[in-house]
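I have placed the structure first, in the form of structure tokens, so that the comments after it can refer back to it.
In what follows, chains are A, B, ... by sequence order, proteins preceding strands, each numbered from 1.
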Amino acid sequence: MPELPEVETTVRGLTPVLAGQRLATVEPRRADLRKAIPPDLRQRMQGAVVTALGRRAKYGLVDTDRGDTMVFHLGMSGRWRVDPAEPLAHDHLLIETEAGRRLALNDPRRFGFLDLLRTDAVDAYPPFAAMGPEPLGPDFTAAYLLDALAGRAAPIKAMLLDQRIVAGLGNIYVCEALHMARIAPSREAGRISLPRLERLAEAVRAVLVSAIEAGGSTLRDFAAPDGELGYFSKQFLVYGREGEPCACGGAVKRRAESGRSTFWCPRCQRS
DNA sequence: CCGACAACCTGACGGC
DNA sequence: TGCCGTCAGGTTGTCG
């Protein structure tokens with residue numbers, strides 16, 4: 001389920017369980033997810049104290065007092081289960097703290113992965129090195145977008161999904177942000193005016209912030225033994241709503257492009 | 001540079 | 001009931 005807000009909610013949910021805690025056991029249940037799990041992950045994480053948790057784009061970060069950072073990516077179907085009553089199929093990593101809290105990283109499709117870095121080398125991690133700014137950070141501005149999109153003929157939707165332009169957006173929140181900004185997904189990225197980019201940057205921030213706030217309200221569910229970390233699909237205005245009415249009176253349309261669905265309202269998202 | 005497509009993998013859902 | 005096709009939040013690479 002994980003775009004930036006889901007990963008942020010996940011990290012916030014893991015923090016009270018892990019921060020400051022010593023890891024009694026760290027047990028990979030298989031050798032690989034999308035990529036091989038580092039063979040020394042257990043040895044380097046077990047017995048370490050978690051000093052901080054963080055997030056970069058859609059990646060979760062777990063720092064330890066040994067100078068290591070465990071990176072997790074949830075792919076399409078990954079989630080952490082907190083204090084699970086019993087193991088489930090697709091629990092690929094089990095963690096228990098000395099305080100007796102337990103975590104299971106569950107990922108049926110295994111598009112996610114785990115990695116282990118030196119904390120001082122996180123910025124040089126290849127997936128991060130070429131990444132654009134955080135959309136909720138100070139560098140994500142209309143002026144930045146104007147520069148980053150200059151000369152680009154691709155549709156704005158494709159550019160917002162490109163992690164080198166801005167880091168952390170996925171299909172759902174790109175559709176939602178373009179709708180809020182009233183910009184057509186197919187609009188040529190390099191030809192959007194500064195005022196409209198201002199509207200777009202603000203829409204991206206607003207969509208993410210409200211999703212994180214909504215996610216925050218599920219932290220209790222998240223922490224429950226069988227907790228689900230769900231999308232707040234009820235608050236989506238276009239995603240998954242093909243044929244339903246838009247607030248403007250138009251009808252939400254859907255188009256498949258390169259294997260992904262785009263949802264938008266042609267009435268209020270004109271060019 | 002751009003778009004299309006495939007690959008990785010499982011599960012949910014609808015139609016018949 | 002069950003079988004089959006379709007679709008799903010991401011990332012990476014190839015090909016024209």
Side-chain angles (χ1 to χ4, degrees), chain A residues 1-11 29-37 55-60 71-81 88-93 104-115 125-132 135 147-179 185-191 204 207-208 211-212 214-215 218 222 226 228-243 254-263:
Chain A
M1 337 184 111
E3 296 184 31
L4 185 154
E6 288 72 33
V7 179
E8 179 66 26
T9 300
T10 295
V11 166
R29 306 300 301 278
R30 55 178 301 134
D32 65 301
L33 296 174
R34 173 175 161 70
K35 310 192 303 188
I37 295 172
R55 176 190 61 74
R56 175 78 172 107
K58 302 171 192 173
Y59 296 72
V71 178
F72 65 86
H73 192 288
L74 299 174
M76 295 274 268
S77 58
R79 66 186 176 114
W80 284 95
R81 304 198 302 128
L88 282 186
H90 313 302
D91 281 348
H92 304 311
L93 181 75
L105 176 63
N106 187 276
D107 184 4
R109 292 179 75 179
R110 305 206 302 274
F111 282 13
F113 59 86
L114 289 165
D115 223 333
Y125 187 47
F128 298 166
M131 219 170 238
D147 181 60
L149 300 176
R152 302 301 298 268
I156 183 63
K157 189 204 175 198
M159 293 293 93
L160 293 178
L161 284 172
D162 186 337
Q163 304 296 298
R164 293 168 298 188
I165 301 287
V166 54
L169 299 182
N171 202 34
I172 290 181
Y173 295 107
V174 164
C175 290
E176 293 297 314
L178 286 169
H179 175 259
S186 57
R187 174 77 182 158
E188 196 176 330
R191 292 194 177 185
V204 166
V207 162
L208 295 178
I212 290 169
T218 65
F222 172 87
D226 297 313
E228 295 282 330
L229 176 59
Y231 276 98
F232 283 77
S233 47
K234 288 183 183 116
Q235 83 181 21
F236 297 157
L237 298 179
V238 286
Y239 187 86
R241 297 191 172 277
E242 180 183 15
R254 171 186 159 180
R255 184 194 328 143
E257 291 159 309
S258 51
R260 319 208 61 185
S261 287
T262 297
F263 296 88

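Scanning atom types as modelled, no donor and acceptor separated by under 3.5 angstrom connect the side chain of A:R110 and the base of B:dT10. Side-chain to base pairing of A:R260 with C:dA8: no donor and acceptor N or O lie closer than 3.5 Å to each other.
A distance-only check finds a donor-acceptor pair linking the side chain of A:R55 to the backbone of A:A57 [under 3.5 Å].
Note on A:R29 versus A:D91: no salt bridge recorded, every NZ/NE/NH1/NH2 to OD/OE distance being 4.0 Å or above.
For A:M76 and B:dA7, the CE to C1' distance is 12 Å, given to the nearest whole Å. When the C1' atom of B:dC9 is taken as reference, atom CZ of A:F113 falls 16 Å away, rounded to whole Å. Atom pair A:K35:NZ and C:dT12:P shows a separation of 8 Å (rounding to whole Å applied).
In this structure, a donor-acceptor pair under 3.5 Å is absent between the side chains of A:Y59 and A:D115.
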Exercise. Go ahead and write out DNA chain B as dot-bracket, 5' to 3': ( ) for pairs within the strand, [ ] for ones crossing earlier pairs, | when the partner sits on another strand, dots for unpaired; Watson-Crick or G-U wobble, both distances under 3.5 Å.
Key: .|||||||.|||||||
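A:P155 comes within 4.0 angstrom of the backbone, heavy atoms only, and of no base.
Put simply, A:F111 rests on the base of B:dC8: the two rings are less than 5.5 Å apart at their centres and nearly parallel, under 30°.
Comparing the P positions of C:dC3 and B:dC9 gives an interatomic distance of 23 Å, to the nearest angstrom.
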